[in-house]
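Right, one structure below, let's go through it.
All figures in this text were calculated on a predicted structure; none of them were measured in a lab.
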Amino acid sequence: MTISPIHFYNKPDMSLTGQLYKLQQLDLELQRRQQELSEVADQLGDDKALVAAESKLALQKEQLEDAMRKQKSSEWEMEDLQEKVRRIGKKLYGGTTKDPKELVNLEKEVKGLKSQIGPKEDVLLGLMSQIEEIEAIMKTTTEDIKRLKREWEQKQEILGQRKSEVEALIARLRGDRNGLAQQIDSEALNTYERIRLTRAQAVVKVEGGKCQGCHITVPTSQWQKAKVGDLIQCNSCSRILYLE
Ligand SMILES: [Zn+2]
């Protein structure tokens, strides 16, 4: 938006109420720009999505480490089991044990141990596929983080530029506003400021004979005075009446 308020008060024929009306335009524009600035400032540094993705990745990493620990201990259990089977098998078939009763017992033991291998293998396979799954999810999250970082950096740059622009605009508006205020009769200025404390618009136009602040008809004598630039306040809402 381009605004050139400098033209407002350089008009030599501007009436008092005309000046107040332009002052109000500057004040309203200043308010809007300050609101925009605070919105931009709020968004600057705001990286919620990125922080959320990073903590998601941290959680996934924990899950992966947990699954890998379980895999390791499952592998150890398997090795242990196989080692036991080997050891007993040696006794069983090595010819060192002759006692038939003991041989029967050893056979039973091997059978019992072997029956445990199958389920343990299933657990191990389950863990391995779980690990693969987590690794795939982590890959996606890592890509998300890269993308979010890139987007965040771009956004920061745009917001940073916008912030500087709005700050410059505010400084200019403030300068123009104060320059204009200095030219306005101080009593009129006080009246304006007082009304502005409670109302967004202190100066309103009279259109169709009605105050545009409260829509009550303004007596002819009043709007005629307002038309020549006298400071006339609406009988009903106290706003300053302005006729171009
Ligand atoms: Zn009114």
Quick one: does E75's side chain get under 4.5 Å of K72's, heavy atoms only? yes
Apply the hydrophobic cluster definition, ILVMFWY joined by side-chain contacts under 4.5 Å directly or through others, and give me every member besides V206. V204, V218, W223, I232, L241, L243
CE (M138) with more than 12 external heavy atoms under 6.0 Å: yes
4.5 Å side-chain heavy-atom contact, Q224 and T220: yes
By side chain to side chain donor-acceptor pair (under 3.5 Å) - contacts of Q24 (at least two apart): Q201
Interatomic distance, CZ@R150 vs CG@L50, rounded to 0.5 Å, equals 12.0 Å
Min side-chain heavy-atom separation L23-L189 under 4.5 Å: yes
Donor-acceptor check, side chain of R162 to backbone of V166, threshold 3.5 angstrom: yes or no? no
Counting distance only, does the side-chain N/O of Q156 pair as donor-acceptor with the main-chain N or O of G45 below 3.5 Å? yes
Side chains of D185 and Y192: is there a donor and an acceptor less than 3.5 Å apart? no
Verify whether one side chain among Q35 and E39 offers a donor that lies under 3.5 Å from an acceptor in the other. yes
Any ion pair linking E65 and R69 (charged N to carboxylate O, less than 4.0 Å)? no
Short side-chain to backbone donor-acceptor contact, Q212 and K210, under 3.5 Å: yes
To the nearest 0.5 angstrom, please state how far the NZ atom of K22 sits from the CG atom of L180. 10.0 Å
